[in-house]
Amino acid sequence: MHTDLATRRRVLLVTYKRYQKADRAWDVARQEVKSWFPRGEWPSSSRIGDRGSHIRRLYEQRERAMIQLDAARLKLDVARQRLALRRQKSMTTPTLFLSYTSR
């Protein structure tokens with residue numbers, strides 16, 4: 001495997017794990033918030049997500065991790081395309097054979 005692709009795959013794996021961790025933390029926090037209030041008596045979402053609140057911070061971490069994951073996936077795709085184009089160019093290089101004969 002090409003080193004550039006290997007690096008991009010490692011970055012993708014790291015960002016995917018970071019996203020999973022952030023998503024899991026967000027889901028746990030949402031479930032905890034649901035358990036605080038009886039059904040039908042939810043406070044407004046603006047109160048739960050006030051700036052600096054724990055739940056808002058978790059949401060923003062998850063969103064940032066998702067953006068980084070998308071960027072890593074896109075960079076891997078671009079690296080694959082670049083490598084494929086480079087391989088295609090090297091395969092289609094015309095070769096010219098010259099021969100010399102003396103009379």
I'd like to check the salt bridge (charged side-chain N to carboxylate O under 4.0 Å, His left out) partners of Arg80; sequence neighbours left out, ordered by chain and number. Asp77
Please, which pairs that meet side-chain hydrogen bond (donor to acceptor under 3.5 Å, both in side chains) have at least one residue in residues 58-72, sequence neighbours excluded? Arg18-Gln68, Asp23-Arg62, Asp70-Arg73
Apply the test side-chain contact (heavy atoms from CB on, under 4.5 Å) to residues His2 and Arg86: give CA-CA distance (whole Å), side-chain angles for both, the deciding distance (0.1 Å), then the verdict. CA-CA 12 Å; His2 196 269; Arg86 197 177 310 149; 3.7 Å; yes
Once you round to the nearest 0.5 Å, how far does NE2 of His54 lie from CZ of Arg57? 6.5 Å
What one should report as the nearest heavy-atom pair of Ala29 and Ile55 is CB-CD1, 3.5 Å
Between atom OH of Tyr16 and atom CE of Met66, what is the distance when rounded to the nearest 0.5 Å? 12.5 Å
Atom pair CZ/CG of Arg9 and Asp4 - distance to nearest 0.5 Å: 11.5 Å
Derivation of the side-chain contact (heavy atoms from CB on, under 4.5 Å) call for Leu12 and Leu69: CA-CA 7 Å; Leu12 182 64; Leu69 178 62; 3.7 Å; yes
Apply the side-chain contact (heavy atoms from CB on, under 4.5 Å) test between Val28 and each candidate in Gln31, Arg30, Glu32; give the one that qualifies. Glu32
So how far is it from Leu76 CG to Thr7 OG1, rounded to the nearest 0.5 Å? 10.5 Å
Closer than 4.0 angstrom, basic N to acidic O: yes or no for Arg24 and Asp27? no
Please report the interatomic distance CG(Leu83) to OG1(Thr3), rounded to the nearest 0.5 Å. 9.5 Å
